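So the structure is just underneath, and the comments pick up after that.
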Amino acid sequence: MTDLLASLNPEQREAATNTDGPLLILAGAGSGKTRVIAHRIAYLIGDKHVAPWNILAVTFTNKAAQEMRERVQRLLRGQELQSSPLVSTFHSLCVRILRQDIEKLNENYTRTFTIYDQDDSLRLIKNCLKELGFDDKSIGPRAVQGAISGAKNRGEDVEEYAAAGQYADDRRASIARVYRAYEERLHQNNALDFDDLLIKTVALLKSNAEVRDKYNNRFRYILVDEYQDTNMLQFELIQLLTEKQQNICVVGDEDQSIYKWRGADIGNILNFESHFPEAKTIRLEQNYRSTQVILDVAGSVVTHNVARKGKSLWTSNPRGDRVRYYQALDAEAEARFVAMKILEHREKEAEMRAAVLYRTNSQSRVFEEAMRRAALSYNIVGGFSFYERMEVRDIIAYLKLALNPNDSIALQRVINSPPRGIGKHTIDEIERRANDAGVSLWQTIQLVFEDPQSLNPRAVTALKRFQHLIRGLGELASATSTETEVPKGEITKTRDSARVVHSSSPVSDLVKAAILETGYELALKEERNDEADARLENLQELVNAAVDYDELGPEALREFIDHSALVSDADQYKRDAQVTLMTAHSAKGLEFPLVFIVGLEDGLFPHSRSAKDPAELEEERRLCYVAMTRAERYLYVTHATKRRVYGAELASEPSQFLNEMPLELIEDLTLGKSWLSFARGSSRIEYEHGEYRKEKKTYAGKTYNSVDSIADFFKQRAVQLGQPTPGSRNAASSGQRPRQAPSGNDGVRLQSGDFPPGSYVRHAKYGRGLVLRREGAGESLKLTVSFPGYGQKKLVQKFANLEPA
DNA sequence: TAAAGAAAGTTTTTT
DNA sequence: ACTTTCTTTA
């Protein structure tokens with residue numbers, strides 16, 4: 001053990017061995033955070049002889065948990081252990097606790113509760129909206145879901161939310177009604193959504209001293225990773241669990257806080273010392289990951305944030321190459337450039353792993369294609385994950401029904417997939433009657449048999465067959481499930497038969513049954529096309545995944561289903577893939593020798609949704625910082641000058657974050673003129689850059705100088721293209737001329753109200769904006785205008801009431 | 001009822 | 001552009 005610790009630097013060693021009492025580790029990017037946690041766990045077990053069972057490490061993602069488990073295992077290699085430390089995400093920890101003790105909460109939930117993931121929850125919300133008669137389009141289900149989740153994460157229950165809504169607008173009052181209905185339905189269905197997992201666990205630990213004691217005694221040493229991203233509920237959970245021993249160690253970095261939108265409270269890490277008065281603080285500031293240049297560029301961007309304590313990250317690594325920049329014509333050209341560069345790097349160093357980081361999942365598509373064309377094997381994290389595929393979710397829904405046919409959301413999902421003659425009319429009728437009678441859809445089906453009313457015999461027969469199908473799956477499942485599901489007299493018999501089935505793989509058998517007996521496989525085989533074949537393959541994968549649960553005992557099926565809800569990105573990140581494509585968010589905690597940050601455009605990264613709030617813009621900047629600091633040796637930043645958004649082609653400006661990088665540390669790989677070469681050639685901008693930095697501390701908002709340099713860039717391009725531009729006689733002499741906003745009135749040939757690209761306009765609502773693009777003519781002349789703070793808007797000139805500005 | 005065609009919404013990030 | 005959902009038709 002001692003030699004293991006010898007590989008740590010003094011601060012790291014201090015952090016690993018300071019095991020008792022509250023400890024805050026402020027760990028900068030690449031400072032060996034995961035290493036320290038792993039060593040700390042190994043030290044607790046190997047040197048302090050703490051039982052592994054008494055150690056809990058909590059992470060946010062399964063990826064991080066997996067990584068941590070492997071690291072600890074490697075450190076403890078060769079040692080015989082009685083148990084292993086629990087390394088878990090917040091959500092699976094809560095499931096674990098609730099599956100054990102939720103009945104002690106006395107809210108009428110049973111241990112067999114179902115978990116509704118985001119998709120299930122959205123379906124339920126849609127049902128509630130329908131039921132409450134919100135059939136107008138004024139209130140979108142997604143918006144409601146966001147509002148409810150937000151309320152839940154702020155700790156507001158229905159009553160509190162409704163009370164707060166009393167004095168607010170109608171919209172909020174409507175949402176409160178949906179919230180109430182949603183909660184009732186969840187409860188009726190014995191279901192918990194993702195937020196409830198935390199809420200109910202906290203409520204349970206708060207209300208029941210016995211349970212609290214039990215877990216306090218079990219988890220004597222607790223570690224929390226990415227502590228800057230914890231929200232109120234997670235903080236409460238940690239506080240309740242560490243009430244007794246206070247052996248709480250948290251690791252985090254304020255500069256990497258990127259989940260405020262999900263309710264994360266940065267105050268948790270900033271105020272750790274006041275929450276836990278005995279706390280020690282250790283700073284890890286030596287970076288082992290990146291070159292000095294990469295750190296300098298990343299640091300330069302993040303220093304533009306005002307709400308920041310600031311810290312110094314240093315490295316003894318080589319300076320490294322400059323950050324490389326490329327301006328592509330469009331998204332396709334951007335992807336081609338990235339693929340080409342990856343090939344070049346791999347030619348020099350065969351094992352070079354690369355990551356392509358983008359802001360939104362929708363950007364992944366072009367990169368996938370480019371990788372395929374370049375014959376690079378790639379790996380996508382996030383987006384449409386395996387368990388989110390339609391066919392996989394359908395089969396899971398059948399399995400959920402096998403355990404609990406009253407799960408109306410699952411039933412709704414598969415009652416007619418594959419098509420079995422239960423059409424829209426029939427389903428509507430059943431829903432209506434279920435609502436009237438206040439029972440589940442499953443129970444209503446039985447009622448239909450007793451009194452078919454308007455339903456025709458064909459539909460009734462189809463329902464009979466469906467009922468029979470689900471019952472059959474249910475019987476198969478109860479052979480592998482707990483005793484509680486079975487009538488008392490049959491317990492012995494059932495358990496015996498469970499054992500028999502057990503040795504011949506019960507969970508995977510059940511999955512197979514759900515694929516075969518439901519007619520799912522047949523329906524896909526009959527389609528005879530590539531897509532159906534791919535789906536069949538996915539289902540085979542699902543069976544394979546289930547095999548891992550075959551030896552797990554009576555709760556195996558339940559655990560498999562839980563896993564499918566909580567482990568949405570299971571094993572998606574394969575460490576040795578040549579290329580990994582993912583969002584900047586997903587990349588947190590990972591590192592690659594070669595990193596591309598793509599789509600650095602205004603409105604995309606930073607995202608337009610973050611433009612109105614300076615705090616959100618700062619979060620975008622931290623996200624950019626996180627992305628940049630993933631790079632070990634080579635970092636590329638790229639953007640495109642036009643990009644399709646919702647099918648329409650839009651001109652895009654360079655991201656202000658590019659303007660915040662030190663230009664002398666950037667190498668321009670663009671063929672021909674780029675925004676960067678322009679910005680460089682303009683001494684005025686360099687000068688303003690210096691000025692801007694001095695003023696920075698007083699202004700938290702958007703970097704307007706970037707917009708100005710970008711405006712000049714567009715004007716220059718217009719000149720090159722020979723398009724008439726207001727003030728074009730001046731623009732030819734590039735950025736050297738005195739700063740003056742072009743005006744629609746000063747060109748002789750231009751009428752007032754004519755707005756070419758590069759000119760400024762004023763809009764009643766959005767204020768002053770830069771015209772990027774014109775299309776159409778006469779009545780339907782449309783302008784694409786970028787408004788600081790609002791992003792790009794496409795306006796019909798005739799109706800937009802624009803004035804020159 | 002199911003398939004085919006039309007219209008509407010989608011894309012911020014995640015457990 | 002693409003996918004989901006609504007509407008029409010056989």
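In what follows, chains carry the letters A, B, and so on, assigned in the order in which the sequence lines appear, proteins first and then strands, with residues in each chain numbered from 1. Worth knowing before you read on, the calculation uses all heavy atoms, side chains too, and leaves out hydrogens, waters and symmetry mates. Note that the structure is a prediction, hence the values are computed from the model and not measured.
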Checklist entry - If you measure from the C1' atom in C/dT4 to the same atom in B/dT13, how many Å do you get, rounded? => result 22 Å
For [X] and [N], what is the distance between atoms [atom1] and [atom2] respectively, to the nearest whole Å?
X        : N      : atom1 : atom2 : result
A/Asp195 : B/dT15 : CG    : P     : 13 Å
A/Lys63  : B/dT15 : NZ    : P     : 7 Å
A/Met232 : B/dT15 : CE    : P     : 21 Å
A/Leu122 : C/dT4  : CG    : P     : 13 Å
A/Asp562 : B/dT15 : CG    : P     : 16 Å
A/Trp261 : B/dT14 : CH2   : P     : 6 Å
A/Asn529 : B/dA3  : CG    : C1'   : 15 Å
A/Asp428 : B/dT1  : CG    : C1'   : 13 Å

Which part of the nucleic acid does [X] contact within heavy-atom distance under 4.0 Å: base, sugar-phosphate only, or nothing?
X        : result
A/Lys126 : sugar-phosphate
A/Phe90  : nothing
A/Arg262 : base
A/Phe605 : nothing
A/Asn416 : sugar-phosphate
A/Gln118 : base

Can you find a side chain N or O atom of [X] that sits less than 4.0 Å from OP1 or OP2 on [N]?
X        : N      : value
A/His91  : B/dT15 : no
A/Arg609 : B/dT10 : no
A/Ser586 : B/dT14 : yes
A/Arg142 : B/dT11 : yes
A/Lys424 : C/dT5  : no
A/Asn153 : B/dT15 : no
A/Asn62  : B/dT15 : no

Item to check | Between A/Thr360 and A/Gln363, a side-chain donor and acceptor under 3.5 Å | outcome: yes
Checklist entry - Is a side-chain donor-acceptor pair under 3.5 Å present for A/Gln412 with A/Asn127? => result yes
Nearest to the side chain of [X] - [options]?
X        : options                : answer
A/Pro419 : C/dC2, B/dA2, B/dT10   : B/dA2
A/His585 : B/dT15, B/dT13, B/dT10 : B/dT13
A/Arg644 : B/dT1, B/dT12, C/dA1   : C/dA1
A/Phe194 : B/dT1, B/dT15, B/dT12  : B/dT15
A/Thr426 : C/dC2, B/dT1, B/dT15   : B/dT1
A/Arg458 : B/dT1, B/dA2, C/dC2    : B/dT1
A/Ala459 : B/dA2, B/dT1, B/dT15   : B/dT1

Checklist entry - Run the side chain to side chain contact (heavy atoms under 4.5 Å, CB included) check on A/Leu223 and A/Val251 step by step: do they pass? => result CA-CA 8 Å; A/Leu223 298 98; A/Val251 190; 5.9 Å; no
Item to check | Geometric cation-pi criterion, A/Arg558 with A/Phe113: 6.0 Å, 45° | outcome: no
Checklist entry - Looking at B/dT13, does its base get a donor-acceptor pair with the side chain of A/Arg359 below 3.5 Å? => result yes
Checklist entry - Is a side-chain N or O of A/Asn529 found less than 3.5 angstrom from the main chain of A/Ala532, in a donor-acceptor match? => result yes
Checklist entry - Between the main-chain N or O of A/Arg308 and the side-chain N or O of A/Glu254, is there a donor-acceptor pair closer than 3.5 Å? => result no
Checklist entry - Is it true that A/His563 and A/Tyr387 have ring centroids separated by less than 6.0 Å? => result yes
Item to check | Residue whose nearest DNA chain B nucleotide is more 5′ - A/Thr583 or A/Gly423 | outcome: A/Gly423
